[in-house]
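Accompanying notes for the structure given below.
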Amino acid sequence: PMAFADFKNNKNKKLKSYIEKISAAYSCPKDFFVQTLGQGIGKIAAAFYPKPVIVRFSDFKTNEYKQLVGGDIFEFDEGNPMLGFRGASRYYSSDYAPAFALECQAVKKVRDEMGLDNVIAMVPFVRTVNDANKVIKSLEKNKLKRGVNGLKIYMMAEIPSNALCINSFISLFDGASIGSNDLTQFILGVDRDSEVVSFLFDERDPAVKDAISLIIKGCRKAKKYVGICGQGPSDYPELATFLIDEKISSISLNVDSIIPFLNTQLRKNKKR
């Protein structure tokens, strides 16, 4: 994204030539980025309109961004990218803010120009309440203000601090989506990319479930939406049952796990 956002200052002739080639039909490289991203979001939003569609801003890590075209120019090496320059703090940083502005323009285009106001924006990896306030200001600077034209802004709840201080966090957003993969990783101290300790990664662990419960209860107390996006409910029917009992607003499932999930719920209801 920064290769488009900072195109004028790009001194890499090969990269500049490539960007000029793929964006030749547009007024400028930035327009190409905004239009292409907006069209992609718009297709999904239109398919489900008027039902809500949650669009999470990009949440790549530095090593993932680095693999993209131009990434080796703008990204740096990190010892542990999973805990590094990602999410909310990346968006308002001067090192990425110009690219985040393009992401915001794409979302605004979908909502205001295409008329797909069912799109809800979601911010991932919000470490602290101060982090949340800064990213909200950044969104407002980019003309994405909560409540304007019915815009809702959600946060990902995927860090222990989000669970422990859910009341403070959720007061700044319209809802939350539990990222159970990252939440499990950080609560159990397990690198989910490491095969050596992968056997310890379990979203059903009592500590993880306690954190999830805190998030759900906090959101419900504030009368805000709370969902979950993670592999857990698809892999473990008992975790999905736990989430329902906790009165979560919605659950995401892999396609192949929907029927088993429904069968589990039917059996449970018959017992009642």
Side-chain angles (χ1 to χ4, degrees), residues 48-56 59 87-88 118-129 132 136 146-147 150-188 192 201-272:
F48 292 95
Y49 192 86
K51 294 180 180 179
V53 169
I54 303 171
V55 177
R56 180 173 61 180
D59 187 28
N118 59 324
V119 167
I120 297 168
M122 185 159 70
V123 181
F125 222 73
V126 188
R127 290 176 166 97
T128 66
V129 173
I136 287 171
R146 282 179 66 198
L151 174 64
K152 290 183 179 180
I153 299 176
Y154 291 173
M155 66 170 282
M156 286 291 295
E158 54 191 335
I159 308 172
S161 61
N162 300 151
L164 294 172
C165 301
I166 186 60
N167 295 335
S168 298
F169 278 105
I170 202 61
S171 67
L172 302 172
F173 295 92
D174 298 292
S177 182
I178 300 168
S180 59
N181 291 344
D182 270 0
L183 187 63
T184 302
Q185 174 178 232
F186 299 132
I187 286 179
L188 299 182
R192 57 189 173 98
F201 186 92
D202 191 342
E203 290 160 299
R204 298 166 298 175
D205 187 273
V208 179
K209 290 172 70 175
D210 282 351
I212 290 174
S213 181
L214 284 174
I215 294 168
I216 295 174
K217 285 180 170 62
C219 290
R220 286 185 57 80
K221 182 180 178 181
K223 298 181 179 179
K224 303 284 183 73
Y225 165 89
V226 56
I228 187 167
C229 51
Q231 192 66 26
S234 296
D235 291 343
Y236 309 113
E238 65 270 33
L239 182 58
T241 298
F242 163 75
L243 293 168
I244 292 171
D245 290 341
E246 290 290 307
K247 299 182 180 178
I248 197 168
S249 305
S250 70
I251 298 174
S252 63
L253 296 167
N254 292 342
V255 175
D256 60 356
S257 65
I258 293 176
I259 299 302
F261 167 79
L262 292 174
N263 288 335
T264 299
Q265 296 308 310
L266 285 171
R267 287 195 297 270
K268 182 182 176 184
N269 289 335
K270 283 183 180 179
K271 289 180 180 178
R272 288 176 174 175

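FYI, side chains are in, hydrogens and waters are out, and symmetry mates aren't considered; it's all heavy atoms of this structure. Please read these numbers as outputs of a predicted model, since none were measured by experiment.
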Find out whether [X] and [Y] are in side-chain contact, i.e. whether some heavy atom of one side chain is under 4.5 Å from a heavy atom of the other.
{"X": "Leu239", "Y": "Phe242", "value": "yes"}
{"X": "Tyr225", "Y": "Ile120", "value": "no"}
{"X": "Ile244", "Y": "Ile251", "value": "yes"}
{"X": "Lys217", "Y": "Glu246", "value": "yes"}
{"X": "Met155", "Y": "Asn162", "value": "yes"}
{"X": "Tyr154", "Y": "Val123", "value": "no"}

- [ ] Decide if atom NZ of Lys224 counts as having more than 12 heavy atoms of other residues, nucleotides or ligands within a radius under 6.0 Å.
- [x]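 More than 12 within 6.0 Å, yes.
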Any chance you could measure [X], atom [atom1], to [Y], atom [atom2], to the nearest 0.5 Å?
{"X": "Ile215", "Y": "Leu183", "atom1": "CD1", "atom2": "CG", "result": "5.0 Å"}
{"X": "Ser177", "Y": "Ile248", "atom1": "OG", "atom2": "CD1", "result": "7.5 Å"}
{"X": "Ser252", "Y": "Ile54", "atom1": "OG", "atom2": "CD1", "result": "9.5 Å"}
{"X": "Ile166", "Y": "Ile178", "atom1": "CD1", "atom2": "CD1", "result": "8.0 Å"}
{"X": "Leu262", "Y": "Ser257", "atom1": "CG", "atom2": "OG", "result": "9.5 Å"}

Task: Non-neighbouring partners of Arg146 that pass side-chain hydrogen bond (donor to acceptor under 3.5 Å, both in side chains), sequence neighbours left out - done: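 Applying side-chain hydrogen bond (donor to acceptor under 3.5 Å, both in side chains) to Arg146 gives Asp174.
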Task: Set of side-chain hydrogen bond (donor to acceptor under 3.5 Å, both in side chains) partners for Glu203, sequence neighbours left out - done: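 For Glu203 the side-chain hydrogen bond (donor to acceptor under 3.5 Å, both in side chains) partners, ignoring immediate neighbours, are Ser180.
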Which residues share a salt bridge (charged side-chain N to carboxylate O under 4.0 Å, His left out) with [X], sequence neighbours left out:
{"X": "Asp59", "answer": "Arg86"}
{"X": "Lys221", "answer": "none"}
{"X": "Asp202", "answer": "Arg204"}

Smallest separation among heavy atoms of [X] and [Y], with atom names:
{"X": "Ala121", "Y": "Leu151", "answer": "N-CD1, 4.5 Å"}
{"X": "Gly179", "Y": "Met156", "answer": "CA-CE, 3.6 Å"}
{"X": "Val53", "Y": "Phe48", "answer": "CG2-CB, 3.8 Å"}
{"X": "Leu243", "Y": "Pro233", "answer": "CD1-CG, 3.7 Å"}
{"X": "Arg127", "Y": "Ser161", "answer": "O-OG, 2.7 Å"}
{"X": "Leu172", "Y": "Ile136", "answer": "O-CD1, 3.4 Å"}

- [ ] Give every residue pair that meets the salt bridge (charged side-chain N to carboxylate O under 4.0 Å, His left out) criterion with at least one member in residues 205-214, sequence neighbours excluded.
- [x]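 As it turns out, there is no salt bridge (charged side-chain N to carboxylate O under 4.0 Å, His left out) pair with a partner in residues 205-214 once direct neighbours are skipped.
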TODO: Could you check whether the rings of Phe186 and Phe125 sit parallel, tilted or perpendicular, using 30° and 60° as the cut-offs?
DONE: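 Answer is perpendicular, since the angle exceeds 60°.
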